[in-house]
Amino acid sequence: MNFFTALDIGASGLKAQREYLNVVSMNMANAKTTRTAEGGPYRRKSVSMESSPVLSPFETAMNQQVNQQLRGVTVRGIVSDTRPFKEVYEPNHPDADKKGIVRYPDINVVEEMVNMISISRSYEANAQAVDSAKRMFNRALRIGMGQ
C-alpha cells in the first residue's frame, strides 16, 4: 500500500463519519417535530454505508495482488426509519387529530447521543490513521535524504 492509498482510506472514513454525524444531529434537532414540509411528523434518518474500492480499475490491474483488496467506505444514501410514530394525548396541540392525539417522531435522544459518541470515536480513529500515514511518509523522506 502506498502513501496516497493510506490517505484515501482514512479520508473515506472521515467523510462517511462526517455525513453520519450530520444525520444524527438532524435527528436530534427534529426529535419533537410534528409537522414537516412533506406532511406529518419528521422521520428519523439513518446512513447506509458500504465498502468501496480505493484503487481505480487501472491501479488495480497494475498493482500487487495484496493491494487489490484494499477498501474504503462510502455513504450509499440516507434512509428513513420505518419505526412507528409515538402517539401522545395532547388535545391543545395545533397538530392534534380529532381524538387529541399528536404523532411525534420515534427518536430516542439517548440512542442518538450514543451514536454521536461512536461516530466521534470512529472519526478520531480515522484522523489518527491519516496522521500516522503522514508521519511515516515524513520519516521515510528523512531517511531518503540521509538525515
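Residues M49 and I78 share a single hydrophobic cluster, defined by chaining ILVMFWY side chains whose heavy atoms lie under 4.5 Å apart. Residues V130 and L141 fall within the same hydrophobic cluster, defined by Ile, Leu, Val, Met, Phe, Trp and Tyr side chains chained together at heavy-atom separations under 4.5 Å. Cluster annotation: M28 is connected to V47 through the hydrophobic network of ILVMFWY side chains, with a link wherever side-chain heavy atoms come within less than 4.5 Å. Under a hydrophobic-cluster definition in which Ile, Leu, Val, Met, Phe, Trp and Tyr are linked whenever side-chain heavy atoms come within less than 4.5 Å, directly or via other members, Y20 and Y123 are assigned to different clusters.
When all heavy atoms are compared, the tightest approach of V109 to A31 is CG2-CB, 4.5 Å. Nearest heavy-atom pair, Q17 versus S122, reported as atom, atom and distance to 0.1 Å: CD-CB, 3.6 Å. A16 and V73 get closest at one heavy-atom pair: CB-CG1, 3.8 Å. Of all the heavy atoms in A133 and L7, the pair that sits closest is CB-CD2, 4.3 Å. When all heavy atoms of F85 and P105 are compared, the pair lying nearest together is CD2-CA, 3.9 Å. When every heavy atom of S12 is checked against every heavy atom of G72, the shortest pair comes out as OG-CA, 3.4 Å.
Judged by distance alone, with hydrogens and angles left aside, the side-chain atoms of D95 form no donor-acceptor pair with the main-chain N or O of V102 at under 3.5 Å. Between the side chain of K32 and the main chain of N30, no donor-acceptor pair closer than 3.5 Å is present. A donor-acceptor pair under 3.5 Å is formed between the side chain of S132 and the backbone N or O of Q128.
Residues satisfying the side-chain contact (heavy atoms from CB on, under 4.5 Å) criterion with I101, sequence neighbours excluded, are E87, Y89, D97, K99. With sequence neighbours left out, the side-chain contact (heavy atoms from CB on, under 4.5 Å) criterion links S120 to E124. A search for side-chain contact (heavy atoms from CB on, under 4.5 Å) contacts involving T36 returns T33, E38, Y42, not counting sequence neighbours. Shown here are the salt bridge (charged side-chain N to carboxylate O under 4.0 Å, His left out) partners of D106, two or more places apart in sequence or in another chain: there are none.
Atom CG of L14 and atom CZ of R18 lie 8.5 Å apart (nearest 0.5 Å). Between E90 atom CD and T34 atom OG1 the span is 9.0 Å, to the nearest 0.5 Å. Going from atom CG of N115 over to atom CG of N108 covers 9.5 Å, rounded to the nearest 0.5 Å.
Here the rule is side chain to side chain contact (heavy atoms under 4.5 Å, CB included) with V24, and of M113, M116, E111 only M116 fits it.
Contact annotation: the side chain of K45 approaches that of N27 to within less than 4.5 Å [non-hydrogen atoms, C-beta and beyond]. A heavy-atom distance below 4.5 Å is found between the side chains of P94 and R35. Within the 4.5 Å cutoff, side-chain heavy atoms of I107 are placed close to those of E112.
Judged as a side chain to side chain donor-acceptor pair (under 3.5 Å), the pairs with a partner in residues 72-82 (not counting sequence neighbours) are, in order, R44-D81, D81-R83.
Under the 4.5 angstrom side-chain criterion for Ile, Leu, Val, Met, Phe, Trp and Tyr, I117 has no cluster partners at all.
Counting heavy atoms of neighbouring residues, nucleotides and ligands inside a 6.0 Å radius, atom NZ of K15 does not exceed 12 of them. The number of heavy-atom neighbours closer than 6.0 Å to NZ of K134, taken from other residues, nucleotides and ligands shown, is 12 or below.
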